[in-house]
Structure formats: C-alpha cells, structure tokens
Amino acid sequence: MKQHIENLVQQAIKQLQAMGELSEIPAYVQVEAAKDKQHGDFASNIALILAKSAQKKPREVAERILQVLPASPKLQKVEIAGPGFINFFLVPNAMSDVVNQILSQKEQFGRCKIGREKRVLVEFLSSNPTGPLHVGHGRHAAYGTVVCNLLDEVGFKTFREYYVNDAGRQMDILAASVWLRYLALCGENIEFPANAYRGEYVIDIAKTIHDLHQDHFRVSAKQVFADLPPDEPQGGDKEIYIDAVIERARKLLGDKYQIIFDLSLENIMVDIRNDMKEFGVHYDNWFSERQLVATDVVDRMLLKLKESGHVYERDGALWFSSTSFGDVKDRVLVRANGIRTYFTNDISYHLDKFERGNDLAITIMGSDHHGYTARIKAAIEALGINPERLLHMLVQFVTLYRGGVQAQMSTRGGNFVTLRELRNEVGNDVARYFYVMRKSEQHMDFDLDLAKAQSNENPVYYIQYAYARICSVFKQLAERQLQFDEANGLKHLDLLTEPQERELLNTLSRYPEMIINAALHYEPHQLTHYLRDLAADFHAYYNSHQFIVEDVGLRDARMALVMAVRQVLLNGFNLLGISAPESM
RNA sequence: GCGCCCGUAGCUCAGUUGGAUAGAGUGUUGGUUUCCGAAACCAAAGGCCAGAGGUUCGAAUCCUCUCGGGCGCGCCA
C-alpha cells in the first residue's frame, strides 16, 4: 500500500517535471504511515522537500501535486495539511487484501529477495574456549542468530560460523589450570596460581581426566614448583609466574602435555556446543584457529601483505603499517621471538572468509573490542579486498538485576555466571526475547524479576498469549460445531470496518517492510517491538468485539483476519527462535 | 591525554537518510467480565529529549563546545 502511494506521487512529480515546473526530483519519494489518525493513513513530506528547488511555497507545490495525482480506487481523499504535508486517507478496507496475501503465502509472508542470494558469513560469539559461556555471551548468540534469520528472510544466504580461539596463550593457562587441579586430586599439595582459571568447571574437567587416566599425568608437587619465580601474593608478577608454570608443565609432561591440553579444550567445546544446541543456536561451522594455522593461509597472507608494501621490520619484529589505512598506530605481525600474533592469524582467517567466496563478512563482537576494527579493516584493504565487505557489529555488555540491585557477576560470586543457569532460571524463550529486545549497541539491563514473572509484566508472555488466545478461539469454534470457511471469509473482508479491524489490517500490512528494515539495519529489536504492537492490536480487538458471531459472512471474515494475525505472529516467533504455544 | 559508544517519563527503552502535538512497556491512580481465556482491555497523570550555542521553513535526530556514564589505547587474545 505504501508502495502504491509512493508510485502515485512519483508519477505526479514526474509529470510536473515534464511540464517544467520542477527542476530536480529526489531519488525516492518518502511516504510514511501517519502517526496521528487525523493525518489519514499515510503522509508525505515531498512538497516540503521540493519547495526549495522549485522556489515555491510548500503548500503551492502540494497543490500542484494533488492536481496531477493519478486517481486510485484505494484512496478516499487526499488533503494538504500543516506546512505542506500531503495526507492520504484510504477507503475503509483498502488494506484488507493483506489478509488474502498472508493466508495464501503463509510462512512465506514477509520473505523477499532483496538480498539477491548474496553470501554472507556471519561470525558471532567466538569466545575463548577457556570456560563455559556466561550471560554476556548469550546476547551475542541470540543477536547473531536472529540477525542471520532476518538476513535469510530477505534473500541473503548466511553462513554461521564460530571462530574457536584454540591457539593462544589463554588455552595454555587453561591446560595448566586443569593439570594443577588434577594433581590436587591425585593427592599432591598444590598452591593454585593467582592467574589460573579458578572456576568449578576446571575441577570438573580435572576429575574427568583423573577418572579416565588415574595417576598417569602425576608429577610430584615438589618438581612442579621447584625454583619458580614468586607468584603475585608473594610479591611477584602473576603473568610471569603463570608462564613459568606452563613452561614447567610442558617440560615435565612432554608429549603428555598436549593430551591434557586437548582434553581440556574438548571438554569446554562439548559444553559450549551443547549449550548452544539447547539454546536453539545453530552453527554451520566451528572454525578452529589451530587448524587455520596448520594450513598455508597464514604464509600466503603474509606474502601478499609484504607484496602490498605495507610491511616492515623494526626492533626484531615484523610490523604492518596500518596507519596508512587510518589506524592510530602500526601493529605487530610477528613478534621478536618469532611467534605470530593473534592479529596475524585473524587477518588470515578473514582472507580465508573471502577466499571461500563470501560477498560479505559480518563479525559480531563485544563493544570492548571496538578498537580492533580499524586494524583488521586496514589489513583487508591492504590485501586488495574492499573493506566495505567487512562489517563489525558491536554488542554491549549485559548487567543482571535481581530485586532491583545488580547481581554479582564475578566468577567467584555465587549468583549467575553462566548462560545455562540463566536459561534454566528464566527459560529459553524469555532469554532469547530479552536479549534481542534492545538495540545491540545499547548497554542492557537484564531484569531477572521481570524475566521470571509469569504474568502481565512479561512482554514475552504478552505476545505468546495473543497467539494462544487465537488458537483458543478456533478451538471454541469447533466446540460449537461451527466451521471456518476461509474462502467465504476472504469474500467478506469488506465487512471488516471497525476501528480495531482497520488498525489490525494496518499493522499486518507493515510487516514486510519492517522485516526489510530490521534485516538491513541488523536490528532484531524492530521485530520484537512490532510483535508487541501486533499483539496489542489483537488484544484490543479481542476485548471489544466478538469473533464468533451469528452472521456467517462477518464471522468468517473476522476469523480470517485473526488467522492472519496468528500466521504473522508465528512467522515472527520463528525468526526470533521462540516457541508458539497453543495454550499457556 | 587521545579515540569510539551512550545520555529521551520515577524505572527499562523505541523514535527508520531532519517533519505535524516526542511514543511504548513498567510503576502510580481510577474503571471494565451474565460475553470466544482478565497472562487482557479502557482512561488519567507523568518530559526544558543532559546543558549551551549553531545550521533552516522545521532539530531528540546534523555541526561545535561543556558536563556526566561506559569502553578502548600490548611484541595479550
């Protein structure tokens, strides 16, 4: 409908241009749903925009547009208001056709092809596999999934990937932590390093290993700690100390070190995969940094970068002059000790993404890493790839609130730490919905009391209740031995003239454009807001009119409308990944 | 110190390339059920869009500055 009116206006101004009354016309005509019912159903500010170049008063321009505006059976009246807005009033059931569309297109309603099957690799979450996922990660998982769903819905081909950072120092710290816990289980007297991973899960992994291999990896505590530098509590440096512990573990364990390392990694990854599976988050690929490093892609990348002329040596290290591409300082690729940085591997990973034939690569990451985007884009550009093909979406932190006060989030504190605990407490649907109902770059307060409220306060139940209510109406119809005749309903859509029905038709017809907007801006919250609106329109309708009435034509028409509402709710739920309960 | 993000109702937040009287939820107050599910609906109250300048027909939105909050600025990942 919006499109229809835009076309009419477009035709009108083209004609005026042909008549020499307008010099330049804008690339597109802006028509939007009027906020105030007194302003009709749609409004356009086109006359205000054209006024300057036409050197006329806005209202005069509007007059001229109206005079040449093509007639349409959908329009009841068109008028000029305020400083020069053109308000369009539709005939009472101009929108009713949308019911027809929804009921015939079903789950296809809202899909389109503007993505033109472009391939988009979306990397999200990608946390270090050094522990279970916590509540902050949940937001990444939910946001990433829904963004992908939206992109697929408008015709892109997404590929969902988790980059497993299994190659860095953090992993060695984990392996060492597990080993020390394991030694304690063997009966050794272990002083746990200040900088080691202290979570319960480390002990669990150690137990698993001990159950499996008994004392196979046992070394006396005396050997482990002999001649190590002092740890932080003893006045030393915890970083230096933990590195020394790792070195010692490698030396004492030899080949067995890798077994501990792999078992630790495997345990964490199994946990993360299960967590994601339970949360309904699907990945097409789990991309291992270690496997990446094992290929020649890093070497090839470095060669290409050198050929680009933006690489130099200084202080024994190899540098990339990212400042040539707008970064604030140059970055090290290969350290003086010969070891490549995380950055180097990551550039290679990104090169690989594009070599795999993706048109676009989206990285969803924590906003605390925003300083990282400039250098990686710089590297991509240096490699001859258009940096606009790489997009970074930032996700802000999550703060939990319980009883109005901030819940403890530290690893030590007993309250929520993990995503799994949150899901168990509030349920997957609520967690999913809450995570995406705020703009991603907005810092989020997660109110646990609200999330757990099985009542009117909870926005998830509000929209699910609308769905269940509609299902209930159809059950009621059957109980009264009545049939719903869809064809008959569609034939009588012109009977839907109540204000609540108009409102509902209006909201339903907004759905496709809302999906496009949400997808193209990577904003799932637009969908949650829309569903809230739709549910509210339905509840208002429900409370003011009976659907199951004597008049068969009216009854079928109303049932058709309500069925269309149910379909759109379902489509939205599917995109969000929440359930559609037929009763609650 | 430099850079990025943010500041909208008591609270949590929308506000789509600048548009008409800035909107929801929640909370507060009052009302609605012989009727398909009251997890609902209706109504009232609640605002100097952090502050000050500027751009123009028109600013929550764009520019500059100030204040206040978050996050970055490793040969870590």
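Below, chains carry the letters A, B, ... as their sequence lines are ordered, and counting in each starts from 1.
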Check step by step if side chain to side chain donor-acceptor pair (under 3.5 Å) holds for A/Y541 and A/E503. CA-CA 9 Å; A/Y541 183 33; A/E503 194 61 44; over 6 Å; no
Can you tell me how far [atom2] of [N] sits from [atom1] of [X], to the nearest Å?
X	N	atom1	atom2	result
A/D533	B/rC13	CG	P	19 Å
A/M365	B/rC5	CE	C1'	13 Å
A/N45	B/rU61	CG	P	18 Å
A/R469	B/rA40	CZ	C1'	4 Å
A/E503	B/rC41	CD	C1'	15 Å

Give me the residues of residues 435-443 of chain A where at least one heavy atom lies under 4.0 Å from an atom of RNA chain B, by number, or none. A/R438, A/K439, A/E441, A/Q442, A/H443
RNA chain B-proximal residues of residues 539-546 of chain A, any heavy atom under 4.0 Å: A/H539, A/A540, A/Y542, A/N543, A/H545, A/Q546
Can you tell me which nucleotide in B/rG15, B/rG37, B/rA20 comes closest to the side chain of A/H525? B/rG15
With respect to the side chain of A/L48, which nucleotide from B/rG19, B/rA20, B/rC13 is positioned closest? B/rG19
Under a plain distance cut-off of 3.5 Å, with no hydrogens placed, do A/D429 and A/Q464 share a side-chain donor-acceptor pair? yes
Is it the case that A/Q500 and A/H545 place a side-chain donor and acceptor less than 3.5 Å from each other? yes
Is there a stack between A/Y465 and B/rA40, judged by ring centres under 5.5 Å and planes under 30°? no
Going by the rule side chain to side chain contact (heavy atoms under 4.5 Å, CB included), which residues pair with A/Y465 if we only count those two or more places apart in sequence or in a different chain? A/R469, A/H539, A/M584
Quick one: label A/N87 by what it contacts on the DNA or RNA (base, sugar-phosphate, nothing), any heavy atom closer than 4.0 Å. base
Dump every N/O contact between nucleotides 75-77 of chain B and the protein below 3.5 Å, one line per pair.
residue, atom, partner, partner atom, Å
B/rC75, OP2, A/K329, NZ, 3.1
B/rC75, O2, A/A336, N, 2.9
B/rC75, N4, A/D315, O, 3.0
B/rC76, OP2, A/R335, NH1, 2.9
B/rA77, OP1, A/R335, NH2, 2.7
B/rA77, OP2, A/R335, NH2, 3.1
B/rA77, OP2, A/Y342, N, 3.2
B/rA77, O2', A/N128, OD1, 2.9
B/rA77, O2', A/N128, ND2, 3.2

For nucleotides 2-4 of chain B, print each protein N/O atom paired with a nucleotide N/O atom at under 3.5 Å, atom names and distance only.
residue, atom, partner, partner atom, Å
B/rG3, N2, A/H370, NE2, 2.7

So, under a plain 3.5 Å distance rule, would you say the side chain of A/D447 forms a donor-acceptor pair with the base of B/rU12? no
If the threshold is 4.0 Å, N to carboxylate O, is there a salt bridge linking A/R555 and A/E550? no
Extract all donor-acceptor atom pairs below 3.5 Å that involve side chains of residues 474-484 of chain A and protein atoms in other chains or at least two apart in sequence.
residue, atom, partner, partner atom, Å
A/Q476, OE1, A/R480, NE, 3.4

